[in-house]
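These figures come from a predicted structure and were not determined experimentally. Residue numbers count from 1 along this sequence.
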Amino acid sequence: MNVISRLVFIAAMASLSSVAYGACDYPSRITIPNGTDASKEEMLEGSKAIKAYMNDMNAYLDCLESENQNAGEEGEAAEITEQRNALFTKRYNAAVEEMESQANEFNVQVRAYKAKGAE
(Lines give C-alpha, C1' and ligand atoms only; values in the text may rest on other atoms or scores of the structure.)
Protein backbone atom coordinates (compact mmCIF):
# COMPACT_ATOMS: atom_id res chain seq x y z
CA MET A 1 0.00 0.00 0.00
CA ASN A 2 1.52 3.33 -0.99
CA VAL A 3 1.66 6.41 1.25
CA ILE A 4 -1.42 8.09 -0.25
CA SER A 5 -3.47 4.91 0.06
CA ARG A 6 -2.41 4.57 3.68
CA LEU A 7 -3.37 8.17 4.45
CA VAL A 8 -6.79 7.69 2.84
CA PHE A 9 -7.22 4.44 4.75
CA ILE A 10 -6.24 6.04 8.09
CA ALA A 11 -8.57 9.00 7.50
CA ALA A 12 -11.43 6.67 6.62
CA MET A 13 -10.85 4.55 9.72
CA ALA A 14 -10.68 7.63 11.93
CA SER A 15 -13.99 8.91 10.63
CA LEU A 16 -15.49 5.46 10.93
CA SER A 17 -14.40 5.06 14.54
CA SER A 18 -15.83 8.42 15.52
CA VAL A 19 -19.20 7.41 14.07
CA ALA A 20 -19.02 3.91 15.51
CA TYR A 21 -18.38 5.06 19.05
CA GLY A 22 -20.71 8.03 19.08
CA ALA A 23 -24.07 6.84 17.84
CA CYS A 24 -25.03 4.03 20.22
CA ASP A 25 -25.22 4.61 23.96
CA TYR A 26 -23.80 1.75 26.01
CA PRO A 27 -26.01 1.15 29.07
CA SER A 28 -24.47 1.47 32.53
CA ARG A 29 -23.97 -1.63 34.64
CA ILE A 30 -26.51 -2.11 37.36
CA THR A 31 -25.89 -2.69 41.03
CA ILE A 32 -27.01 -6.19 41.87
CA PRO A 33 -28.24 -6.73 45.43
CA ASN A 34 -26.35 -9.14 47.67
CA GLY A 35 -28.75 -12.04 48.08
CA THR A 36 -27.37 -13.10 51.45
CA ASP A 37 -28.50 -9.91 53.16
CA ALA A 38 -30.96 -8.26 50.75
CA SER A 39 -34.61 -7.78 51.61
CA LYS A 40 -37.42 -9.04 49.41
CA GLU A 41 -38.00 -5.47 48.21
CA GLU A 42 -34.34 -5.09 47.28
CA MET A 43 -34.43 -8.33 45.33
CA LEU A 44 -37.60 -7.24 43.52
CA GLU A 45 -35.95 -3.92 42.66
CA GLY A 46 -32.91 -5.87 41.45
CA SER A 47 -35.19 -7.97 39.24
CA LYS A 48 -36.71 -4.82 37.74
CA ALA A 49 -33.25 -3.33 37.23
CA ILE A 50 -31.88 -6.43 35.47
CA LYS A 51 -34.92 -6.54 33.16
CA ALA A 52 -34.52 -2.85 32.30
CA TYR A 53 -30.79 -3.36 31.77
CA MET A 54 -31.41 -6.27 29.39
CA ASN A 55 -33.93 -4.19 27.44
CA ASP A 56 -31.43 -1.33 27.23
CA MET A 57 -28.66 -3.69 26.11
CA ASN A 58 -30.91 -5.22 23.45
CA ALA A 59 -31.64 -1.70 22.18
CA TYR A 60 -27.87 -1.08 22.14
CA LEU A 61 -27.31 -4.27 20.12
CA ASP A 62 -30.04 -3.25 17.68
CA CYS A 63 -28.36 0.15 17.35
CA LEU A 64 -24.99 -1.49 16.64
CA GLU A 65 -26.53 -3.66 13.94
CA SER A 66 -28.26 -0.71 12.33
CA GLU A 67 -25.13 1.40 12.55
CA ASN A 68 -23.04 -1.31 10.92
CA GLN A 69 -25.56 -1.87 8.12
CA ASN A 70 -25.74 1.85 7.38
CA ALA A 71 -22.01 2.56 7.68
CA GLY A 72 -20.81 1.11 4.41
CA GLU A 73 -20.52 3.30 1.40
CA GLU A 74 -20.64 2.30 -2.23
CA GLY A 75 -17.13 1.64 -3.44
CA GLU A 76 -15.82 1.31 0.11
CA ALA A 77 -12.42 -0.36 0.17
CA ALA A 78 -12.56 -4.02 1.18
CA GLU A 79 -10.03 -3.36 3.97
CA ILE A 80 -12.27 -0.72 5.51
CA THR A 81 -15.34 -2.95 5.28
CA GLU A 82 -13.44 -5.82 6.88
CA GLN A 83 -12.15 -3.66 9.73
CA ARG A 84 -15.56 -2.06 10.28
CA ASN A 85 -17.14 -5.50 10.46
CA ALA A 86 -14.43 -6.72 12.84
CA LEU A 87 -15.02 -3.71 15.10
CA PHE A 88 -18.78 -4.32 15.00
CA THR A 89 -18.28 -7.98 15.92
CA LYS A 90 -16.00 -7.13 18.86
CA ARG A 91 -18.40 -4.53 20.22
CA TYR A 92 -21.43 -6.77 19.76
CA ASN A 93 -19.79 -9.80 21.36
CA ALA A 94 -18.50 -7.75 24.28
CA ALA A 95 -22.01 -6.44 24.95
CA VAL A 96 -23.50 -9.95 24.81
CA GLU A 97 -20.82 -11.21 27.21
CA GLU A 98 -21.60 -8.33 29.57
CA MET A 99 -25.30 -9.18 29.45
CA GLU A 100 -24.54 -12.81 30.26
CA SER A 101 -22.24 -11.77 33.11
CA GLN A 102 -24.87 -9.50 34.68
CA ALA A 103 -27.60 -12.14 34.30
CA ASN A 104 -25.39 -14.84 35.81
CA GLU A 105 -24.44 -12.61 38.75
CA PHE A 106 -28.08 -11.77 39.41
CA ASN A 107 -28.99 -15.47 39.31
CA VAL A 108 -26.22 -16.24 41.81
CA GLN A 109 -27.67 -13.63 44.15
CA VAL A 110 -31.22 -14.94 43.69
CA ARG A 111 -30.00 -18.42 44.69
CA ALA A 112 -28.21 -16.93 47.71
CA TYR A 113 -31.40 -15.09 48.68
CA LYS A 114 -33.47 -18.27 48.40
CA ALA A 115 -30.84 -20.30 50.28
CA LYS A 116 -31.22 -18.12 53.36
CA GLY A 117 -34.85 -19.25 53.53
CA ALA A 118 -36.43 -15.98 52.44
CA GLU A 119 -39.65 -16.02 50.50
message: On a heavy-atom basis, which atom in Tyr113 and which in Ala38 lie closest, and how many Å separate them?
response: CE1-O, 3.4 Å
- prompt: Has the side chain of Thr89 got a donor or acceptor atom that lies under 3.5 Å from a matching backbone atom of Asn85?
  reply: yes
Non-hydrogen atoms of Met54 and Ala103 that approach each other most closely: CE-CB, 3.6 Å
message: Given Phe88, which partner from the list Glu65, Gln69, Glu67 fulfils the side chain to side chain contact (heavy atoms under 4.5 Å, CB included) test?
response: Glu65
message: Ignoring hydrogens, what is the shortest heavy-atom contact between Gln109 and Ile32? Give both atom names and the distance.
response: CG-CG2, 3.8 Å
message: What's the separation between atom CZ in Arg84 and atom CD in Glu79, rounded to the nearest 0.5 Å?
response: 13.5 Å
- prompt: Which heavy atom in Ala95 sits nearest to a heavy atom in Leu61, and how many Å separate them?
  reply: CB-CD2, 3.6 Å
- request: Please answer whether the main-chain N or O of Leu64 pairs with a side-chain N or O of Asn68 as donor and acceptor at a distance below 3.5 Å.
  value: no
query: What are the two closest heavy atoms between Ala94 and Tyr26, and how far apart are they?
result: O-OH, 4.3 Å
task: Of all the heavy-atom pairs spanning Met43 and Phe106, show the shortest one and how long it is.
output: O-CZ, 4.1 Å
message: Keeping Gln102 on the side-chain end and Ile30 on the backbone end, is there a donor-acceptor pair under 3.5 Å?
response: yes
message: In the structure I gave you, are the side-chain heavy atoms of Arg91 and Tyr60 within less than 4.5 Å of one another anywhere?
response: yes
- request: Identify, with sequence neighbours excluded, every residue that meets salt bridge (charged side-chain N to carboxylate O under 4.0 Å, His left out) alongside Lys48.
  value: Glu45
Glu42 side chain near Asp37 side chain, heavy-atom distance below 4.5 Å: no
- prompt: About how many Å separate SG of Cys63 and OH of Tyr92, when rounded to the nearest 0.5 Å?
  reply: 12.0 Å
statement: Those residues at least two apart in sequence (or on a different chain) that pass salt bridge (charged side-chain N to carboxylate O under 4.0 Å, His left out) with Glu105 are none
